[in-house]
Amino acid sequence: MKILVCITHVPDTTSKINFTDNNTKFDPTGVQFIIGPYDDYALARAIEIKEANAGTTVTVLNVGTADTEPTIRKALAIGADDAIRINAEPTDSFFVASQIAEHAKSAGGYDLILMGRESIDYNSGVVHGIVGEILGLPSISPVMKLDIEGTTAKLAREIEGGKEYVEVSLPFVAGCQEPIAEWKIPNMRGIMSARTKPLKVVEPKAVDSGVKLQKFELPPPKGAVKMISADNVAELVTLLKNEAKVL
Amino acid sequence: MSILVFVEIAEGQIKKTSLEAVAYAHAMGGPVTAIALGAADQSALTSLGKYGAQKVLHAADEKLNKEVIQAYASVLTKALQDEGADILVLASSSLGTPVAARVATKIGASLATNVTELPDTTAGFVVKRSIYTGKAFAKVTLSNTKKVIALKKNAAEAKEVGSDVAVTPYSVTLSDADFATKILSSEKATGEVLLPEANIVVSGGRGMKGAEHWGILEELAKTLHAATGCSKPVSDMGWRPHHEHVGQTGVKVAPQLYIAVGISGAIQHLAGVNSSKYIVVINKDADAPFFKAADYGIVGDAFDVVPKLTEALKAAK
Ligand SMILES: Cc1cc2nc3c(=O)[nH]c(=O)nc-3n(C[C@H](O)[C@H](O)[C@H](O)COP(=O)(O)OP(=O)(O)OC[C@H]3O[C@@H](n4cnc5c(N)ncnc54)[C@H](O)[C@@H]3O)c2cc1C
Ligand SMILES: Nc1ncnc2c1ncn2[C@@H]1O[C@H](COP(=O)(O)O)[C@@H](O)[C@H]1O
């Protein structure tokens with residue numbers, strides 16, 4: 001089985017977000033980058049499937065500039081066999097999805113394309129759907145459970161207020177989230193071997209997505225908190241009613 | 001320029017976020033055609049007129065009772081064509097977002113999800129979307145004639161602007177390929193306020209000490225007609241179901257009021273709640289980081305404060 005895992009290179013979840021260049025560029029100063037947390041679940045599940053099915057290969061793919069290579073190497077250290085970096089600034093979902101679909105076609109297709117349910121920078125939640133549509137494959141997200149038997153898969157998908165159980169034939173695209181697998185931490189052997197695993201850099205194909213960034217904005221700063229005594233909760237009710245007007 | 005709005009049904013009724021989508025399209029200048037797929041309450045559909053729909057289409061084919069994403073995307077693509085509509089508006093959700101992705105790709109539309117405001121059309125067509133899990137916004141131009149816009153909660157206010165409108169049946173042709181994913185079954189909480197839709201959320205953290213103590217939060221939630229949420233460790237430990245976990249890796253909520261009880265306020269939790277209008281924090285530790293993100297705070301023991309709050313709310317009714 002051939003599995004493709006698409007990973008993002010994103011600010012660590014504890015990062016403070018800032019912009020530069022008149023609010024048109026992300027400011028990476030002091031920011032630590034990680035594999036997108038949902039992509040990390042996708043990768044972990046891919047490795048589990050590989051371990052349980054001899055002859056399975058896992059390729060990781062990132063659309064990004066050379067800065068993302070340490071993140072890609074980490075995915076190789078976790079257990080992916082090889083990696084593709086499509087050398088471009090990931091400007092928007094349609095652009096990224098088109099590059100992923102193009103790679104999948106040129107690689108002769110994958111049995112399984114796993115992604116995260118969403119990137120934690122753009123939060124679009126659409127790359128899997130667009131890739132599915134371009135390749136004519138089903139796309140399912142967010143997936144909490146994925147079991148493969150032969151050429152069919154059984155999945156649990158989270159829906160508002162519950163879960164849905166679905167069945168689908170391979171190949172397909174899935175956006176993953178916990179508890180699909182436990183995050184894997186690279187061990188020493190993985191880190192050593194990751195250095196020599198193939199990481200191929202591919203130039204992007206031209207795509208016009210019809211979406212263009214104008215400006216970033218930060219939310220307005222929060223006002224000071226009003227503290228209320230635990231012995232006087234009635235005052236909180238009054239404030240919620242008359243000041244906040246939310247009751 | 002006609003706008004098609006996909007409305008989602010929950011238990012026969014139109015979801016509140018879908019009413020907001022109709023209001024959004026109306027505020028854009030319409031004319032607005034709303035479309036619902038699968039079984040729906042007819043009076044709920046006619047009432048869409050009140051929120052700004054000039055026309056309501058209903059594809060009642062029972063194959064659409066199961067919310068299969070590819071089938072929904074096919075029907076909406078055809079409806080856009082039939083209505084001569086260039087713009088599709090819908091609510092971002094576990095159904096709306098993937099459907100938006102596929103429709104936009106089929107029709108070659110500019111796509112934006114998690115849109116928080118009405119478009120600014122003074123120079124091009126600019127929408128504001130929430131990014132970095134609520135920590136920032138991006139203003140983007142959608143330059144294609146065709147556009148698909150998926151809204152975040154509260155992007156527009158659902159208010160009555162018109163009157164009931166007749167429902168037009170909409171017939172569909174579906175192919176087997178539309179049903180490549182088979183929905184075997186689903187488990188869905190019924191009769192509860194859905195967390196992503198809720199106006200008020202009562203959320204508990206590890207400070208609640210165990211699943212058996214959720215009764216006091218449920219009682220508070222019931223009094224406020226609120227949904228219940230929790231922090232990640234709470235769902236990891238199985239005290240509460242996974243779909244209730246709020247934060248960076250969970251549900252992002254945008255209620256009028258978020259009440260956090262026994263939650264420390266880790267940045268990953270805050271990422272899911274920073275679109276809330278007002279935040280109340282109840283925590284026994286005066287130094288809990290959550291107080292910095294709160295509008296109102298009470299330092300105290302949850303087991304003492306929460307029941308008192310419920311009583312005070314009941315008394316104030
Ligand atoms: C990649 C990543 C993603 C994450 N995503 C999420 C996410 O989406 N959502 C999320 O919530 N977390 C997430 N986390 C975890 C997060 O970092 C925190 O560990 C978590 O939010 C803490 O949960 P908590 O506040 O319930 O527990 P704690 O941090 O243990 O806090 C418990 C609080 O309860 C208070 N307390 C104790 N007893 C009482 C009492 N009797 N009355 C009142 N107060 C009391 C304490 O003072 C304390 O502040 C993520 C972490 C990582 C690394
Ligand atoms: N630049 C990228 N490179 C590789 N995969 C990506 C990229 N951006 C998004 N993805 C994948 O698509 C998923 C959904 O992203 P999004 O639609 O941006 O929320 C992510 O979790 C990744 O698996």
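By convention in this document, chain letters (A, B, ...) are assigned in the order of the sequence lines, proteins followed by strands, and residues within each chain are numbered from 1. On a predicted model such as this, the values are computed, not experimentally measured, just so you know.
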Problem set entry | B:Ser110 side-chain N/O to A:Gly210 backbone N/O, donor-acceptor pair under 3.5 Å | yes

For this session: Look at the side chain of A:Arg157 and the backbone N and O of B:Ile183, then say whether any donor-acceptor pair between them is shorter than 3.5 Å.
Result: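 Pair absent, no side-chain N/O of A:Arg157 close to backbone of B:Ile183.
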
Exercise. Can you find a side-chain donor-acceptor pair between B:His242 and A:Glu158 that sits under 3.5 Å?
Worked result: yes

Exercise. Looking only at side chains, do A:Gln214 and B:Thr141 share a donor and an acceptor under 3.5 Å apart?
Worked result: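 Checked: A:Gln214/B:Thr141 side chains pair up, N/O donor to acceptor below 3.5 Å.
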
With a 4.5 Å cut-off on heavy-atom pairs, point out which of [options] contacts chain A the most.
options                                : answer
B:Gly297, B:Pro255, B:Ala266, B:Ser93  : B:Gly297
B:Glu311, B:Gln256, B:Lys106           : B:Lys106
B:Ala138, B:Gly300, B:Pro241, B:Ala104 : B:Ala138

Do you know which of [options] has the most heavy-atom pairs with chain B at a distance under 4.5 angstrom?
options                             : result
A:Gly161, A:Pro37, A:Ser124         : A:Gly161
A:Val233, A:Val126, A:Val225        : A:Val225
A:Phe94, A:Phe172, A:Phe19, A:Phe26 : A:Phe26

Exercise. Once you round to the nearest 0.5 Å, how far does CD1 of A:Ile140 lie from CD of B:Gln70?
Worked result: 8.5 Å

Exercise. Checking salt bridge (Lys or Arg N to Asp or Glu O under 4.0 Å) for the pair A:Glu164/B:Lys188: CA distance, chi angles, key distance, verdict?
Worked result: CA-CA 8 Å; A:Glu164 190 175 84; B:Lys188 211 167 176 173; over 6 Å; no

Exercise. With a 4.0 Å cut-off, would you call B:Lys15 and A:Glu160 a salt bridge?
Worked result: yes

For this session: For B:Arg102 and A:Glu133, run salt bridge (Lys or Arg N to Asp or Glu O under 4.0 Å): C-alpha distance rounded to whole Å, both residues' side-chain angles, the deciding distance at 0.1 Å, then the answer.
Result: CA-CA 6 Å; B:Arg102 298 198 78 117; A:Glu133 189 60 42; 2.8 Å; yes

Seminar exercise, completed: Honestly, the part of B:Ile200 sitting under 4.5 Å from a heavy atom of chain A is side chain

